[in-house]
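One structure is given here, and the rest of the page talks about it.
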Amino acid sequence: MTQSPMPASDHPASDHIDAVLHETRVIAPSDAFRERARYSAEDYERLYRQSLDDPDTFWSGVAGELHWFKPWTQVLDWHPPHAQWFVGGQTNIAFNALDRNVARGLGDKRAIVWEGEDGEVRTYTYAELLREVRRAANALLDLGVQPGDRVTLYLPLVPEAAIAMLACARIGAVHSVVFGGFSVSALADRLNDAQSRVLITADAGQRRGALVNLKANADAAAALAPGLEKMLVVCRADCDAPMQEGRDVFWHDALNAASDDHEAAPLDSEHPLFILYTSGSTGKPKGVQHTTGGYMVGTYLTTQAVFDLRDDDVYWCTADVGWITGHSYSVYGPLLNGATVVMYEGAPNHPDWGRFWDIVQKHRVTILYTAPTAIRAIMRQGDELPAARDLSSLRLLGSVGEPINPEAWMWYWRTIGGGRCPVVDTWWQTETGSIMLTTLPGAHPSKPGSAGLPMFGIEPAIMTHTGEELGPDDGGLLVIKRPWPSMLRTVYGDDDRYRKSYWGEIEGVYFAGDGARRDADGYITVTGRVDDVLNVSGHRLGTMEIESALVAHPSVSEAAVVGRPDDVKGECVVAFVLPQGDRTIDPAELRAHVSREIGALARPDAIYVADALPKTRSGKIMRRFLRQIAAGKEIQGDTSTLEDPGVLDRIAATQPV
Ligand code: WTA
């Protein structure tokens, strides 16, 4: 792991830092928004203080708004680095999202408004969603799924994805959602790591007008996952998929055969809820493990507070359920709050780049939560597409997943929000479970490019790698100084990795892996990863993962991967490869190979074929220099530690393919 307290000047984040350092605009919420907002600046001050000074009272108050079958006896049990929250309590997150909302009169309220890429719309009220989830829960029980069993989901963004997640939660099974864009081998690795006996997939998904054959991928992965016994197959296309006798069952057949009578299981607060695989700086992706009570309380509170949620909101988070944002803010957080959630299956540019604005107009979306990469891609298409739609229903905008550059922020605020909607820039991670840094939209002014202030109960600091706390405006490492309810509990099957990656970098604090700076007003600007994790279009990829995929190809003997700043994706993948013996490297074949090994999102944008890599005498690859070459910059820094300094000039003189 990188030990420098700040990303070096050649780090991909540096352009962003330059832009943000010169950014002085402060944008306050309108009076109209502020007057109706759930939280004022004073509310935030008071509650934030209480959440740090008297966390038991604060968190008991929040958790007490939800249903517990059995009350907790202790709010927090902290044996660093292991935390248990709401100890002794029993609850069920699916019960809280559905039964509780139906019981308080929301049965006829729309829970999910789903739009397929082909324009089909399906709506579920809270009562209908509850019935579907009960049937799905019974269908899983009929397959022999037991509490604690891992169920893997490999689905397009269809309502069945949310239904399957909630059904698992309802019976205490642990879901592991694998993004539908991941490859056969990525799916097989995750099935095996989680030892899943059951996979829920679909015959196909729709993407840019074409069908993606998920079932074929699932079948190929199943051949590599000996522990897999059953496959439930959702029909999204024509139900034509080949079904393996004894193993495969259509979702609709299983649900039709199942009773819609089911009582949610009372589960221990620390009962595992889900595993979600994410990339780290070393090794294979890690299964981030979340549990029931704390995650429920964290997503419930943050959705309500950060999105200023009201009864009549139509809330749309564009994230796929394959990522943490889809878990926390397309499914659990908004449903726990009884919100109407819009889900959209397809691509933002199908049939054209106005699709998001068609959806906003058609469903009268009031809150939109999306990623900077989408904003930048849409911004490039000009203002005509949004200008031609009625976006007047919008009242609040959110951004997540990567640093947002001030230009994109301003465009989002002005062109999409009409200058009337506050923009919340929310920093958090798969591991944190819920939003950690943000402004509260009616309480705080925004500073474009800066996430803002800590959420309730979150105590961040900026430190050097030796644990010294830095003052205002000093760049350093972002850490969190105390546990919070929705934090990850461990890395599935590898607690040692949990201790080392998160609590072992800097003694006694949670190490986020991001660089950051805090200004005199306490606003924190997150500048990007300081480790070997890339953020491509808001998706996390480990350089090591891509390197191992590259060297697995017979034409490659060695590989190094770095990120390069990209106007739309934030960062893109650049690979440096050494040919194996006298083999020639075919760039198209190598890209296809990376797609097969990981998924299309990991394909290198540029490939340099080199005769050597810049290594120190001890054999460590100096990626810093490769980042400079990839970005087309002059080589800066001390090259004398390199075994062969001439290698840099030779690589820089090569044209990438
Ligand atoms: C980055 C996504 C700057 C950061 C929720 C983090 C951000 C990683 C922001 C986590 C933001 C996320 N500003 N950077 N508002 N939000 N990041 O696990 O580098 O997919 O460590 O979770 O995304 O990515 P993950």
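Atoms within each ligand, like the ligands themselves, are counted from 1 in listed order.
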Legend entry - For atom 24 (O) of ligand 1, closest protein heavy-atom neighbour: Arg540 CD, 3.2 Å
Inset, instruction - Please work out whether any backbone atom (N, CA, C, O) or any side-chain heavy atom from C-beta onward of Ile324 is under 4.0 Å from ligand 1, and answer side chain, backbone, both or neither. - result: side chain
Legend entry - Part of Thr325 within contact of ligand 1 (heavy atoms, under 4.0 Å): side chain
Legend entry - SB check Asp193 Lys286 (cutoff 4.0 Å): no
Legend entry - Trp323 heavy atom under 4.0 Å from ligand 1: no
Inset, instruction - Mind checking whether Pro403 contacts ligand 1 via backbone (N, CA, C, O), side chain (CB onward), both or neither, at a 4.0 Å heavy-atom cut-off? - result: both
Inset, instruction - Give yes or no for whether the N/O distance cutoff of 3.5 Å, strictly under, is met between Thr430 and ligand 1. - result: yes
Inset, instruction - Could you tell me whether Tyr329 and Trp323 have their ring centroids closer than 6.0 angstrom? - result: no
Legend entry - Element-labelled atoms of ligand 1 that are located less than 4.0 Å from some non-hydrogen atom of Thr426: 9 (C), 11 (C), 15 (N), 16 (N)
Legend entry - ligand 1-proximal atoms of Val533, by part, heavy-atom distance under 4.0 Å: neither
Inset, instruction - Write out the residue and atom name of the closest protein heavy atom to atom 23 (O) of ligand 1, then the distance separating them to 0.1 Å. - result: Gly401 O, 3.2 Å
Legend entry - Residues His327, His175; criterion ring pair (Phe, Tyr, Trp, His ring centres under 6.0 Å); working and verdict: CA-CA 11 Å; His327 281 61; His175 57 73; 5.5 Å; yes
Inset, instruction - Say whether Asp425, considering both its backbone and side-chain N or O atoms, lies within less than 3.5 Å of an N or O atom on ligand 1. - result: yes
Legend entry - For the student: nearest non-hydrogen atoms of Ala461 and Arg518, plus distance: CA-NH2, 3.9 Å
Legend entry - Proximal ligand 1 atoms for Asn535, defined as those under 4.0 Å from one of its heavy atoms: 1 (C), 23 (O)
Legend entry - Positive for ring-ring contact (aromatic ring centres under 6.0 Å, His included) with Phe456, one of Trp484, Tyr300, Tyr39: Tyr39
Inset, instruction - Decide, yes or no, whether a salt bridge links Glu505 with Arg499 under the criterion of side-chain N to carboxylate O below 4.0 Å. - result: no
Legend entry - Lys447 with Asp425: basic N within carboxylate O range, under 4.0 Å: no
Legend entry - For Val400, atoms of ligand 1 separated by under 4.0 Å from a heavy atom: 5 (C)
Legend entry - For atom 6 (C) of ligand 1, the protein heavy atom that lies nearest, with its residue and separation: Asp514 OD2, 3.1 Å
Inset, instruction - Considering only NZ, NE, NH1 and NH2 on the basic side and carboxylate oxygens on the acidic side, decide whether Glu571 and Arg564 come within less than 4.0 Å. - result: no
Legend entry - Electrostatic pair Arg529:Glu402 at N-O distance under 4.0 angstrom: no
Legend entry - Glu402 and ligand 1 - part of the residue with a heavy-atom distance under 4.0 Å: backbone
